[in-house]
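Working notes for the structure below.
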Amino acid sequence: MKKKLSTLLTLLTLVFSLAFSGCVTGGNTVALSYPSELGAYPWCRWSVTVVGFTDQRADKQTLGAKDLDEGEYYVAGSDVSDWVTRAFVDEFKNRGCGCEYRAGAADADTQFVISGEVLAVSLDKIGFTDFNSKVRMFVELTRNGERVYAETYNGELDRSFALGSDAPGDVLAEALQFVVTDAVEKLINHMKDADR
């Protein structure tokens, strides 16, 4: 009985040590994903090319602070500009657009072309289980080479998550979806206006 209690205490100590050292939360690399539940409104009936967004951030790898006391920072697990571009493609396709992802506008053979710049993507751990994420991007809609609409979009999100979850990636995904959904809805409305 005494040996079982000693083993249990040792295991509990190990689990808490791992949790507080950050091992359970997955390290400093953040997997960039996008939520599987996509918007379906407004409906889109046009063909659209989404040109790969350009990353205008000064530091293209670091996302933000994980633990400033320890000098730890979050880094992106994949290309941020590709992550943003694919989010637009997914949202447009889900709304019914014939949508293509192209490296450049010269390759586009659709009714509308969407391009943009990633201006800021940040993720900071602001408490034991609290995170803050910010996303800022410039988006442009053109038709036959002429600008139809352009706007800079901003979004910020604060969330709390349980230890051991995919909190950093989830917070970033949710912040991106907030901004992309807003942009896509406005872009579709401007496509309607341009098509009249």
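- Considering only residues two or more places apart in sequence or on other chains, Lys60 meets the side chain to side chain contact (heavy atoms under 4.5 Å, CB included) condition with Asp55, Arg57.
- A salt bridge links Lys186 and Asp182; the closest N-O separation between the charged side-chain nitrogens and carboxylate oxygens is under 4.0 Å.
- The main-chain N or O of Ala65 is found under 3.5 Å from a side-chain atom of Asp124 such that the two form a donor-acceptor pair.
- Look at Asp195 and Arg45 and you find a salt bridge, because one of the NZ, NE, NH1 or NH2 atoms lies within 4.0 Å of a carboxylate O, short of that distance.
- The main-chain N or O of Gln111 is found under 3.5 Å from a side-chain atom of Ser47 such that the two form a donor-acceptor pair.
- Within the 3.5 Å criterion, the main-chain N or O of Thr49 finds a donor-acceptor partner in the side chain of Thr110.
- Residues Glu140 and Glu151 are not in side-chain contact: their nearest non-hydrogen atoms beyond the backbone lie 4.5 Å or more apart.
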Quiz item: Would Gln177 and Leu38 count as a side chain to side chain contact (heavy atoms under 4.5 Å, CB included) if you check the C-alpha gap in whole Å, the side-chain angles of each, and the deciding distance to 0.1 Å?
Solution: CA-CA 9 Å; Gln177 187 174 39; Leu38 304 175; 4.1 Å; yes
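- Residues forming a ring pair (Phe, Tyr, Trp, His ring centres under 6.0 Å) with Phe131 (at least two apart in sequence, or on another chain): none.
- The main-chain N or O of Gly96 is never found under 3.5 Å from a side-chain atom of Trp43 such that the two would form a donor-acceptor pair.
- With Thr85 contributing its side chain and Phe53 its backbone, the two residues share a donor-acceptor pair below 3.5 Å.
- Under the ring pair (Phe, Tyr, Trp, His ring centres under 6.0 Å) criterion, Tyr149 pairs with His190, sequence neighbours left out.
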